[in-house]
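One structure is given below, encoded as structure tokens.
Here the structure is a predicted model, which is why all the values come from computation and not from measurement. Values below: all heavy atoms of this structure, side chains included; hydrogens, waters and symmetry mates excluded. By convention in this document, chain letters (A, B, ...) are assigned in the order of the sequence lines, proteins followed by strands, and residues within each chain are numbered from 1.
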4 protein chains.
Amino acid sequence: MKTPASAAANPSLRERLRVLTSRAILDAAEVVFATQGLQAARMEDVAARAGVAVGTLYNYFKDRQTLVTSLHAYRHQEVIELFEQCLAAGADRPFDALLLEVVRILLGHFDRHRAFFVVLMQSEAELGRREAMCARRQAILELRGCFERVVARGVAEGAMRADDAAIFPSALFALLQSAMMHAHFNEATTPAAEQAAALVRLFLDGARPRPAAG
Amino acid sequence: MKTPASAAANPSLRERLRVLTSRAILDAAEVVFATQGLQAARMEDVAARAGVAVGTLYNYFKDRQTLVTSLHAYRHQEVIELFEQCLAAGADRPFDALLLEVVRILLGHFDRHRAFFVVLMQSEAELGRREAMCARRQAILELRGCFERVVARGVAEGAMRADDAAIFPSALFALLQSAMMHAHFNEATTPAAEQAAALVRLFLDGARPRPAAG
Amino acid sequence: MKTPASAAANPSLRERLRVLTSRAILDAAEVVFATQGLQAARMEDVAARAGVAVGTLYNYFKDRQTLVTSLHAYRHQEVIELFEQCLAAGADRPFDALLLEVVRILLGHFDRHRAFFVVLMQSEAELGRREAMCARRQAILELRGCFERVVARGVAEGAMRADDAAIFPSALFALLQSAMMHAHFNEATTPAAEQAAALVRLFLDGARPRPAAG
Amino acid sequence: MKTPASAAANPSLRERLRVLTSRAILDAAEVVFATQGLQAARMEDVAARAGVAVGTLYNYFKDRQTLVTSLHAYRHQEVIELFEQCLAAGADRPFDALLLEVVRILLGHFDRHRAFFVVLMQSEAELGRREAMCARRQAILELRGCFERVVARGVAEGAMRADDAAIFPSALFALLQSAMMHAHFNEATTPAAEQAAALVRLFLDGARPRPAAG
DNA sequence: TATGAATGAGATTTCATTCAT
DNA sequence: AATGAATGAAATCTCATTCAT
């Protein structure tokens with residue numbers, strides 16, 4: 001919004017400013033929603049944090065709902081892109097390594113936006129009920145799709161059982177969540193990413209002790 | 001003049017009515033909160049559903065917050081009691097069977113109050129932030145304690161690895177949640193309880209195919 | 001309400017009980033209104049203090065307004081009776097002594113019910129506006145009448161000027177009030193009655209120093 | 001972006017409007033509170049009278065209590081300023097004349113805001129009880145201080161006795177009140193200010209007839 | 001007659017949204 | 001395009017009063 005470099009070119013200065021302001025608002029919204037809670041946060045707080053007037057919020061987002069949805073989409077998109085990159089990059093790696101990498105990357109991302117993701121999860125529970133959130137539902141399904149692709153690949157490679165495969169995607173997702181919640185509750189302790197290996201071990205080999213003859 | 005017994009030879013009629021009304025309100029609240037969402041639900045709706053006047057709500061619960069908290073406590077208590085009964089009853093069973101039983105019982109309970117538990121989870125995410133919810137936090141810790149005892153017992157019996165045991169309780173909890181969320185999203189499909197066996201298999205033996213020599 | 005002595009006679013036991021309960025309620029109301037303020041006090045508090053149920057209040061007083069009014073009347077009546085007794089008893093005394101006696105008696109009564117009289121004054125200010133309070137207005141006019149009689153007598157005896165006599169009654173009343181308010185603000189200090197002599201001196205001879213040749 | 005001056009070349013227009021609105025609300029509040037009573041008046045009525053929406057009230061005053069307190073402060077301040085001006089202006093006048101002037105000025109002001117001052121007095125009686133009103137108490141003490149200064153000066157000049165001086169300030173204040181109450185009850189009659197001379201006569205020389213040798 | 005739970009109108013307060021500047 | 005004061009619908013909570021027991 002104040003980058004001096006953007007003064008040189010003028011092709012679509014307006015447009016670039018719009019994007020910057022929009023980002024600034026989304027970033028402010030993330031912090032405010034995460035700090036105060038999705039419902040307790042007031043538009044005025046978001047505006048104050050973003051350094052703009054309330055009215056400006058409405059120049060960029062139709063209404064509160066839209067702002068929340070956009071924020072979700074924004075972060076979700078990042079996760080999905082990360083996910084895709086992992087999958088693409090690890091196309092030729094052994095499945096175990098790929099899975100570990102995916103889990104690590106995702107948890108790393110979660111760690112960076114921990115507070116917001118907690119809020120995001122909170123609102124996911126609402127999804128069954130509200131209609132207006134189909135955009136958000138969409139994003140979630142997309143994320144779910146990523147997990148399903150990972151699982152599908154694991155099964156295809158013979159690295160995972162096919163019989164219970166139906167529950168694996170949501171189970172995997174749930175394990176990631178559990179790591180986050182764990183990190184969230186024991187605030188300021190070890191980041192969730194450090195649990196990546198243990199999670200993958202649990203997911204792939206279970207909690208049962210390995211048979212003696214490893 | 002103030003002894004409740006002296007009222008009109010109705011030793012505890014009043015008292016019994018109080019309990020009934022209190023229950024009616026809590027039941028109504030569960031439905032309304034689950035249907036409309038924790039925040040969207042209005043006290044008036046709860047009252048209407050319970051068949052009482054708004055004021056009556058406040059004769060039983062100090063304020064909205066207290067109602068929500070009481071509802072949480074009410075359901076949580078049931079879960080914990082179920083849990084305890086399982087643990088007590090299965091004291092001499094093999095660990096695998098015990099775990100399966102526990103998971104099945106819990107998911108069954110979840111199925112019966114599905115909508116509300118989704119709401120409950122939603123609000124659990126808030127816990128890091130609000131202080132006033134220590135009662136609720138207490139309940140959650142208690143539940144967590146139950147899972148820890150199960151895990152501890154599994155480890156003691158040699159049925160579970162000790163190395164990653166730290167993450168097992170929340171992982172187990174998360175897997176249950178995933179089953180619920182799964183059931184919640186695919187509304188009106190198979191109950192979560194049917195996933196019990198698959199979940200336990202995954203938790204104990206992992207997603208990896210069993211070695212050939214089954 | 002529980003006086004064992006009243007069990008002996010039965011001529012109008014019911015009636016006597018009614019009076020006792022009525023008194024108990026009025027006494028409780030005085031304390032509660034004085035402690036919590038005329039508006040902040042709740043009927044429930046009055047009932048609790050009186051040791052009866054809320055419903056009982058309404059068996060004795062039509063509504064809140066009536067209770068307040070009755071309380072006013074109750075106390076006012078006492079004041080007026082005191083006043084009358086003084087006037088009657090002092091019929092043959094010199095005016096100065098009579099006035100001093102009246103002031104002393106009234107302030108003494110005020111001291112005994114200080115808190116409530118403060119509340120009472122508070123509500124007197126409302127009088128210009130509310131219609132339903134004509135009963136109260138009546139009582140006040142009656143009290144005013146007492147003061148007017150004292151002044152009239154003073155004038156008749158040549159102990160007071162006739163020219164400004166119109167303002168003397170309310171001035172005298174105001175001086176009494178000032179003594180009470182003074183006592184009220186400097187809580188728990190000397191009782192208002194001790195100011196009686198000074199007040200009368202001020203009222204009769206003014207604040208100006210006496211001419212040297214007394 | 002936040003400097004008020006940068007808005008739209010309207011350096012202090014906003015600010016001026018704020019002051020005007022604030023005044024409008026206070027003026028409306030005075031009328032409404034005085035007309036309907038301090039407690040009976042509803043915020044909605046104040047808003048309607050001020051010609052703004054309810055919400056606007058809360059943009060200017062945190063809550064009802066604050067509005068009332070601000071109103072008190074607003075009027076009290078005016079009285080005190082009037083008082084100070086009198087005292088300053090009359091520094092070299094004989095005490096009798098000064099006192100008369102003070103009384104006349106104050107009663108004049110009272111006359112102009114009669115209804116509200118009655119309400120104000122009403123609430124003064126509450127002062128002993130509520131703590132949150134320290135601001136108001138402060139104002140009252142300040143006013144009392146003014147009266148004390150007048151009395152001190154009178155005593156110093158030998159125009160008033162020193163022995164009973166302790167009760168003079170509140171007595172003087174009470175006499176003013178009595179004039180107001182008198183005017184209030186005999187609504188729409190002669191203004192209180194006309195009683196100024198009689199009041200001062202009473203206060204300085206008492207109710208007793210002057211000794212023959214005038 | 002006493003009781004006290006139920007009632008529900010009504011008051012305060014909040015905050016997403018609008019719109020004149 | 002940005003601003004921020006104004007708006008007013010809506011939600012929570014209170015408490016005088018009623019009435020079945």
For a quick test of reading the model, state the closest non-hydrogen atom pair linking [X] to [Y] and the distance between them.
X	Y	answer
B:Ala50	B:Ile25	CB-CA, 4.0 Å
D:Val32	D:Ala41	CG1-CB, 3.6 Å
A:Gln39	A:Arg64	O-NH2, 3.5 Å

Revision key, fill the gap. Assign each of B:Asn59 and D:Thr56 the nucleotide of DNA chain F bearing its closest heavy atom; nearer the 5' end lies the nucleotide of D:Thr56
Whole Å only: how far is the [atom1] atom of [X] from the [atom2] atom of [N]?
X	N	atom1	atom2	value
C:Leu57	F:dC15	CG	P	15 Å
D:Glu15	F:dG4	CD	P	12 Å
C:Arg18	E:dA2	CZ	C1'	12 Å
B:Ile25	E:dA5	CD1	C1'	11 Å
A:Arg14	F:dA2	CZ	C1'	12 Å
C:Tyr60	F:dT18	OH	P	18 Å
D:Leu17	E:dT21	CG	C1'	10 Å
B:Asp45	F:dA10	CG	P	13 Å

Check your understanding: For D:Thr21 and F:dA5, is the shortest distance between a side-chain N/O and OP1 or OP2 below 4.0 Å?
Key -> no
Could you run down the sub-3.5 Å N/O contacts of the protein with nucleotides 11-14 of chain E?
unit_1 : atom_1 : unit_2  : atom_2 : d
E:dA11 : OP2    : D:Arg42 : NH1    : 2.7
E:dT12 : OP1    : D:Arg64 : NE     : 2.7
E:dT12 : OP2    : D:Met43 : N      : 3.2
E:dT13 : OP2    : D:Tyr58 : OH     : 2.9
E:dT13 : OP2    : D:Arg64 : N      : 3.0

Atom pair [atom1] ([X]) and [atom2] ([Y]), whose distance is rounded to the nearest 0.5 Å:
X	Y	atom1	atom2	result
A:Leu38	A:Leu71	CG	CG	9.0 Å
A:Phe61	A:Met43	CZ	CE	9.0 Å
A:Leu20	A:Arg18	CG	CZ	11.5 Å
D:Asp27	D:Ser22	CG	OG	9.0 Å

**Study point:** Touch class at under 4.0 angstrom, heavy-atom based, for A:Phe61 against every strand present
**Key:** nothing
Exercise for review: May I ask you to check whether D:Asn59 and D:Thr56 show a side-chain donor-acceptor distance below 3.5 Å?
Suggested key: no
Check your understanding: So what does the secondary structure string of DNA chain E come out as, 5' to 3', with Watson-Crick or wobble pairs under 3.5 angstrom, [ ] for crossing and | for pairs with another strand?
Key -> .||||||||||||||||||||
Point to revise | CZ (B:Arg49) with more than 12 external heavy atoms under 6.0 Å | key: no
